[in-house]
Amino acid sequence: ILGGPSLPPIEPRMGLHRAYGSFDHPILFGIFCASSFALAYYLNDPPKRLKNAVVRAAFTIGGTFFSLSAGAFSALGVQIFFVGWDKFTKNISGRWSILSGIFTVIWTVISLSSNRSPVKVFLTYFTFSPGTGYNRIRIWDCGTAEVARHPLLGIGLGDWERPEWMISGSMDNFWLATAVRYGLPSVVALAGAVIWIGWNLARTRYRSPDIERSRAAWLICMVGLSIAGSTVHYWNALFCLFVFLIGSGAWMALPEATRRISLSSGDV
């Protein structure tokens with residue numbers, strides 16, 4: 001409305017134009033909407049908690065759909081699965097260990113039964129078209145080769161090596177792009193921070209029900225974003241959101257901070 005450069009042309013999908021919102025690409029808009037699902041479901045005030053959760057979650061699903069992005073759909077699907085698992089297995093002891101075992105078995109079966117790695121299988125089937133899946137596999141191959149050549153400091157602001165027919169320099173993998181650009185120590189530190197915060201939150205029991213729900217929302221949201229990051233690159237506003245959420249988790253992992261909130265809300 002106020003002018004400025006036009007948006008880059010994006011091909012329609014399923015007969016629909018893909019929604020941008022205020023983001024640079026429909027993928028970023030979709031990931032933003034998908035990241036709100038667990039937060040919208042868990043963080044509601046009584047007495048109409050379930051009704052508010054369903055209504056707010058429905059809005060996030062609608063926004064995610066109109067981005068028509070496979071990466072956003074995967075982030076949303078992972079969160080829906082974990083929310084469902086949390087709801088229907090809450091009376092089962094060791095339920096998260098059981099879920100981890102199930103995922104380990106699935107990963108092992110794929111590794112043994114396929115001539116491709118589980119990562120490549122994931123990149124192939126979590127796409128809208130075979131062409132997109134093939135391109136992401138080529139990005140994975142070229143990107144990992146670049147990391148092997150420059151493991152410590154990465155390539156910096158240089159361009160990564162790829163075949164001439166791969167015209168676009170876009171690397172649709174946040175974790176791989178971070179390793180290529182800044183080296184393995186950077187991606188290990190970033191992923192390690194997310195894992196460490198998540199591990200501490202999962203082991204801690206809080207007196208405040210609000211913080212308990214906030215913890216569940218953060219854990220499920222970050223799992224969805226971390227998995228979607230293997231098919232999508234986060235930049236600009238969405239990257240700011242990602243690191244903001246990491247900081248939010250770090251705050252909840254501090255016992256003194258959560259204890260003060262518990263005292264102020266009367267949940268002692």
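Count residues from 1 along the sequence. These numbers come from a predicted model, not from an experiment.
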Which salt bridge (Lys or Arg N to Asp or Glu O under 4.0 Å) pairs, counting each pair once, include a residue from residues 33-43, with sequence neighbours left out? none
Nearest-0.5 Å distance, CZ of residue Arg215 to CD1 of residue Ile220: 10.5 Å
Please find the pair of heavy atoms, one from Thr60 and one from Cys33, that lie closest to each other, and give the distance. CB-O, 3.5 Å
For Arg138, is there any backbone N or O sitting under 3.5 Å from a side-chain donor or acceptor partner on Arg162? no
For Ile227, side-chain contact (heavy atoms from CB on, under 4.5 Å) partners two or more places apart: Val78, Phe122, Val223
Does Ala34 have any side-chain contact (heavy atoms from CB on, under 4.5 Å) partners at least two apart in sequence or in another chain, and if so, which? Thr64, Ala75, Leu76, Gln79
Could you give the distance from CH2 (Trp251) to CD1 (Ile211), rounded to the nearest 0.5 Å? 5.0 Å
To the nearest 0.5 angstrom, please state how far the CG atom of Leu225 sits from the CD1 atom of Ile246. 9.5 Å
Pairs involving residues 233-248, ordered by first then second residue, that meet side chain to side chain donor-acceptor pair (under 3.5 Å) (sequence neighbours left out): Asp24-Asn236
ILVMFWY cluster, Phe239 and Ile197 together (side-chain gap under 4.5 Å): yes
What residues form a side chain to side chain donor-acceptor pair (under 3.5 Å) with Glu161, not counting sequence neighbours? none
Applying side-chain contact (heavy atoms from CB on, under 4.5 Å), can you list everything that pairs with Ile92, at least two apart in sequence or on another chain? Thr89, Arg95, Ile98
Any link between Val83 and Val55 through a network of hydrophobic side chains (Ile, Leu, Val, Met, Phe, Trp, Tyr) touching at under 4.5 Å? no
Trp196 with Trp175, same ILVMFWY side-chain cluster at under 4.5 Å: yes
Decide whether Ile31 and Phe59 are clustered together by the hydrophobic rule: side chain heavy atoms of Ile, Leu, Val, Met, Phe, Trp, Tyr closer than 4.5 Å, transitively. no
On a heavy-atom basis, which atom in Phe29 and which in Gly63 lie closest, and how many Å separate them? CE2-O, 3.4 Å
Could you tell me which non-hydrogen atom of Leu43 sits nearest to which non-hydrogen atom of Arg56, and how far apart they are? O-NH1, 3.3 Å
Between Asp86 and Tyr42, do the side chains contain an N or O donor and an N or O acceptor separated by less than 3.5 Å? yes
Does the Trp218 side chain pair with the main chain of Leu245, one donor and one acceptor, at a distance under 3.5 Å? yes
Single-linkage hydrophobic cluster Val243~Leu201, side-chain heavy atoms < 4.5 angstrom: yes
Atom CG of Leu16 and atom CZ of Phe66: how far apart are they, to the nearest 0.5 Å? 7.0 Å
Enter the distance from Ser226:OG to Phe242:CZ here, rounded to the nearest 0.5 Å. 5.0 Å
Using 0.5 Å steps for rounding, measure from the CG atom of Asn52 to the OH atom of Tyr41. 12.0 Å
Are Leu238 and Ile27 close enough that some pair of their side-chain heavy atoms sits under 4.5 Å apart? no
Taking only residues two or more places apart in sequence, or in another chain, which ones meet Leu157 in a side-chain contact (heavy atoms from CB on, under 4.5 Å)? none
Short question: side chain of Asn173, backbone of Ser230 - any donor-acceptor pair under 3.5 Å? yes
Check which hydrophobic residues are tied to Val109 through side-chain heavy-atom contacts below 4.5 Å, counting indirect links as well, and list them. Val105
For residues 176-185, dump all side-chain donor-acceptor pairs below 3.5 Å to protein atoms at least two apart in sequence or in another chain.
| from | atom 1 | to | atom 2 | distance (Å) |
| --- | --- | --- | --- | --- |
| Thr178 | OG1 | Phe174 | O | 2.8 |
| Arg181 | NE | Gly156 | O | 3.2 |
| Arg181 | NH1 | Gly156 | O | 2.6 |
| Arg181 | NH1 | Gly158 | O | 2.8 |

Salt bridge (Lys or Arg N to Asp or Glu O under 4.0 Å) against Arg18, all qualifying residues, sequence neighbours excluded: none
Please indicate whether Trp199 has more than 12 foreign heavy atoms, meaning atoms of other residues, nucleotides or ligands, lying under 6.0 Å from its CH2. no
Qualifying residues under side chain to side chain donor-acceptor pair (under 3.5 Å), relative to Thr108, sequence neighbours excluded: none
Heavy-atom pair with the smallest gap, counting every atom of Ser35 and Cys221: O-SG, 3.2 Å
Hey, does Phe82 have a side-chain heavy atom less than 4.5 Å from the side chain of Leu219? no
Closest approach of Val232 to Gly71 (non-hydrogen atoms, all atoms of both residues): CG2-CA, 3.7 Å
Minimum side-chain heavy-atom gap Met14-Phe65 below 4.5 Å: yes
Going by ring pair (Phe, Tyr, Trp, His ring centres under 6.0 Å), name the residues that satisfy it together with Phe32, two or more places apart in sequence or in a different chain. Phe23
